[in-house]
Amino acid sequence: MQLIDGKKIAAEVKQEIKKEVEQLVASGSRKPHLAAVLVGNDGGSVTYVNHKVNDCKEVGFESTLLKFEDSITEKELLEAVHNLNQDDSIDGFIVQLPLPKQIDEAKIIEAIDPEKDVDGFHPVNVGKMLIGLPSFVSATPSGIMELIKRYNIETTGKNCVVLGRSNIVGRPLTNLLSQKNIPGNATVTMIHSRSENIKEICARADILIAAIGKPEFVTADMVKEGATVIDVGTTRLPSDKTKSGWKLTGDVKFDEVSPKCKYITPVPGGVGPMTRVALLKNTLLAAQKK
Ligand code: GUN
């Protein structure tokens, strides 16, 4: 069994981005600039956004954090998005999800200029990605594809099973893995909470991607000997063994599944760090396009 070290690969990618930023600046351009919009005080969202801001510093980007109260109206948030669209000093921005109930997330995403949509959530970017045109690809699928590439994991002709159908992970990943590309060229099955015979389908996978959001859902009997398992789960479970009072738990029962695997990602330290660098890559791309 070999552990897929997302932390190590993410550090390598960050160094590559840092060098590109230095070249960009040396050629007379300004630093890439990412803005993040944070609404409310959700613990997870605050942590993720702070990480994104710190990542920017590490690679030499400018960053701007815009914080709003939970009570913000949809109109006010749309106005903030509009201002960011118009602001030439900002290359790309994200609106951290989830948003409070009074706000229609789809409306906010659709208001983002696709050229600045470094999350790759806008329907224009999703559509371009779907037909293999250059686009901003959302961070988690993009980070997973990069891990598969850098570990030279064969996908051509392989049986890939994607467990989960979310718009930001399962659905785009299913498409990317099936595209005429390397990595890609796979035979992909997407399954979800309503699928029948989940265990049998998973057990046929050469590459199993667990993105269902159910802690330790994937057990040893669902994994073929020699499979590659990518764990996208990030559920915070209460724990009395950590300072924070919670423990990040993946969708895979790591202890019993890992001995059967050729490759497996740990949680934390697998997909998570790659997701963060994928956002940086998109922001660099947005800046280079200018
Ligand atoms: N919430 C959870 N993941 C993400 C992400 O990748 N982008 C944004 N904007 N919100 C999220």
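As the structure lists them, so they are numbered: ligands from 1, and atoms in each ligand from 1.
Other residues, nucleotides and ligands contribute more than 12 heavy atoms inside 6.0 Å of the NZ atom of K289.
E225 has no carboxylate O lying under 4.0 Å from a charged side-chain N of K262, or vice versa, which leaves the two without a salt bridge. The pair E154-K158 fails the salt-bridge criterion, with no side-chain N (NZ, NE, NH1 or NH2) lying under 4.0 Å from an Asp/Glu carboxylate O.
The shortest distance between side-chain heavy atoms of V37 and F68 falls below 4.5 Å.
Remark: of the listed residues H33, K31, R30, K116, R30 is the sole one forming a side chain to side chain donor-acceptor pair (under 3.5 Å) with D91.
Side-chain N or O atoms of N197 include none that pairs as donor or acceptor with a backbone N or O of E200 at under 3.5 Å.
Protein residues having a heavy atom under 4.0 Å from any atom of ligand 1 are K52, V95, Q96, L97, D119, F121, listed by chain and number.
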